[in-house]
Amino acid sequence: MSRTPSVRTLISASIAALAMLPALAHLQELPAAAATNQLDHRMNEHVVQVPAGDGGVTLETTVFQPSGPGPFPLIVINHGKDSGRPSLQPRDRFYYMASAFVKRGYAVMVPMRQGFSKSGGRYRDHGCNMTANGYTQAEDIRATLDYARRQPWVDGERMVVAGQSYGGLATIALGTEAVPGVRGLINFAGGLRDDSDRCAWRSQLVSAFAEYGAKSRLPSLWMYGQNDSLFGPELAGRMHASYVQAGGRGRLVEFPAFKRDAHGMLASRDGEKVWLADTERFLQEIGMPTAVVVDVAPLPSQPRTDYAGVDDVDAVPFLSEHGRRAYREYLTKMTPRAFAVSPSGGWTWAEEGEDPEGRALATCSAKSKHPCRLYSVDDYVVWTDGRLEQVEKAAATASATPLPGATPAATAGSDPTTSVGSTTAR
């Protein structure tokens, strides 16, 4: 069975090759949250356990909020589903969207539903019954909203719910009930794909949205991209038409092709240019605030150096010819991106998604005997060629020099650092 990949799958799907050994291997790049293992205190990021279901089940939920006691208007953002076991799916943050809403004075909650990541319970699946899948996942969104209304920092009369991919399907399913305080729904590329035998998942989605539309109680905004690899324009149009024809209130925005795959738009640093204007218009229509009222300091950036031009492949230190081929490939990747190197010849690159710099460094360092450093970020070089680099080069040369009487085979392949390339197949 193949299920819909979430934004992270498209942003972080990775290919790895041993940098110094002839054999090839595959390695999943460390996700952003796992790579940095940090919380963003500029936006008061923290993780809470939200009660859900029976038997003491709780949902691992990321919270961002402005400084101060509130109460703040609230947005709840709901995740998709990665391939593989839901319990192995890392904590979602929707960092770029969360940042935009905190600047506008909102608190943000991103719950991991039952069976996902470190949330309790088990993943509940109804196979090809897309209608039931949406309803079941919506139960955890309702639990999150119930919890939120009890918090003194939440304005329980001004809430909006958004979701991406499987989270978008669940968000629209939520709208079949009158949820106190929720004024509207935002569906980013909502749906669920199932390639198992005898599953007509496209028709099942159309039917699901028709039922949701017939029971809909809330206005909604739908955003689907022209080059969405999962829910393209034809299917998006059918799903939306079935929803509104059944009585649902929803405006469909079909935006142009976004990078390699519009399904990953929401997780991209550049996605705000696509979703923000239509989202602000929708928020104004439902009486939610849109003015920027909070100053969130920008993330620190790596300083540009004049060590070399970013496209000067021969200037990159420590690399073998295999590594130089990898760097040429890296130069074709999307921004944001980062390339890290190790004195022992290891290298890693990461593109798109949250914190490619942290992901590149963490993955490189996890597989290398020597510390890794960033060489380039986006379209410029950040490497400096000072005393530290000279020491590192001397150490690398010494480690690569055969001992008297040693054979070449005895000294080859000393560092299993892998190359990691994020793609946007998600």
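One is the number of the first residue; the rest follow in order along the sequence.
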Whether Lys259 and Asp270 form a salt bridge (side-chain N of Lys/Arg under 4.0 Å from carboxylate O of Asp/Glu) is what I want to check. yes
Are any of the side-chain heavy atoms of Arg251 and Trp222 separated by less than 4.5 Å? no
Closest non-hydrogen atoms of Pro111 and Asn78, given as atom of the first, atom of the second and distance, are CG-OD1, 3.7 Å
Heavy-atom nearest pair, Leu185 first then Val160, reads N-CG2, 4.5 Å
_Side-chain touch Trp201/Asp195, heavy atoms, less than 4.5 angstrom_ = yes
_So does Ser207 get a backbone contact from the side chain of Glu211, meaning a donor-acceptor N/O pair under 3.5 Å?_
no
Q) Side chains of Tyr212 and Thr131: closer than 4.5 Å at any heavy-atom pair? A) yes
Using a strict threshold of under 4.0 Å (side-chain N to carboxylate O), is an ion pair present between Glu354 and Arg359? no
_Residues Arg142, Asp140: salt bridge by 4.0 Å N-O rule_ = no
- Can you check whether His126's main-chain N or O pairs, donor with acceptor, with Asn133's side chain at less than 3.5 Å? yes
Does any N or O in the side chain of Thr363 come within less than 3.5 Å of the main-chain N or O of Ala360, such that one atom is a donor and the other an acceptor?
no
_Quick one, Phe209 and Gln204 - any side-chain contact, counting heavy atoms below 4.5 Å?_
no
message = Has Ser368 got a side-chain atom pairing as donor or acceptor with Cys364's backbone, closer than 3.5 angstrom?
response = no
With a 6.0 Å cut-off on the ring centroids, do Phe231 and His263 count as close?
yes
Note, Ser268 side chain near Met334 side chain (heavy atom, < 4.5 Å): no
Which of Tyr380, Tyr327, Tyr375 passes ring pair (Phe, Tyr, Trp, His ring centres under 6.0 Å) with Phe339? Answer is Tyr327
Rounded to the nearest 0.5 Å, the OG atom of Ser342 sits from the NZ atom of Lys369 at a distance of 9.0 Å
Taking the six-membered ring for Trp, is the centroid-to-centroid distance between Phe101 and Phe64 below 6.0 Å? no
If you count every heavy atom of other residues, nucleotides or ligands that lies below 6.0 Å from Glu285 atom CD, does the total exceed 12?
yes
Task: Asp378 side chain to Thr335 backbone, donor-acceptor under 3.5 Å - done: no
Tell me whether Ser119 contacts the main-chain N or O of Gly115 through its side chain, where contact means a donor paired with an acceptor under 3.5 Å.
no
Looking at Leu169, is its backbone amide N or carbonyl O close enough to the side chain of Thr171 to form a donor-acceptor pair, meaning the two atoms are under 3.5 Å apart?
no
Exercise for review: Indicate yes or no for a side-chain donor-acceptor contact from Arg104 to the backbone of Ala100 under 3.5 Å, with no hydrogens or angles considered.
Suggested key: yes
Close side-chain approach of Phe258 to Val274, heavy-atom, < 4.5 Å: yes
Tyr106 vs Met288 side-chain heavy atoms within contact, under 4.5 Å: yes
Query raised in the report: Taking the six-membered ring of Trp383, is NZ or CZ of Arg373 closer than 6.0 Å to its centre and within 45° of its axis?
Result: yes
Tightest non-hydrogen contact, residues Pro180 and Arg149, listed as O-NH1, 3.0 Å
What one should report as the nearest heavy-atom pair of Ser216 and Gly248 is CB-CA, 3.9 Å
Looking at Glu45 and Arg91, does any basic side-chain N land under 4.0 Å from a carboxylate oxygen? yes
Give a yes or no on whether the backbone of Val313 and the side-chain of Arg324 come within a donor-acceptor separation of less than 3.5 Å.
yes
Between the CZ atom in Arg202 and the CG atom in Leu230, the distance rounded to the nearest 0.5 Å is 9.5 Å
**Prompt:** So Glu280 and Thr290, side-chain hydrogen bond (donor to acceptor under 3.5 Å, both in side chains) or not? Walk me through it.
**Reply:** CA-CA 6 Å; Glu280 285 188 320; Thr290 59; 4.9 Å; no
For Leu252 and Ala236 the tightest heavy-atom approach is CD2-O, 4.5 Å
Original post:
Quick one: do Glu60 and Arg113 make a salt bridge, cutoff under 4.0 Å?
Top reply: no
*Can we say Glu177 and Lys215 salt-bridge, meaning some charged N sits less than 4.0 Å from an Asp/Glu carboxylate O?*
no
Review point. Cation-pi between Arg269 and Tyr96: NZ/CZ under 6.0 Å from ring centre and within 45° of the ring axis?
Key: no
dist Leu235:CG -> Arg193:CZ (nearest 0.5 Å) comes out at 10.0 Å
So OG of Ser220 and CD1 of Ile186: to nearest 0.5 Å the spacing works out to 10.0 Å
Rounded to the nearest 0.5 Å, the NE2 atom of His46 sits from the CG atom of Asp40 at a distance of 13.0 Å
Are Arg337 and Tyr330 in a cation-pi setup, meaning NZ or CZ lies under 6.0 angstrom from the ring centre and within 45 degrees of the ring axis? yes
Shortest non-hydrogen pair, Asn227 vs Ala262, comes out as OD1-CB, 3.1 Å
*asked:* Please check this pair: side chain of Arg150 against backbone of Asp146, looking for a donor-acceptor N/O pair closer than 3.5 Å.
replied: yes
**Asked** Taking the six-membered ring of Tyr123 as reference, does the NZ or CZ atom of Lys81 fall below 6.0 Å from its centre and within a 45° cone about the axis?
**Response** yes
**Prompt:** Considering only heavy atoms from C-beta outward, does the side chain of Arg304 approach that of Val382 to under 4.5 Å?
**Reply:** no
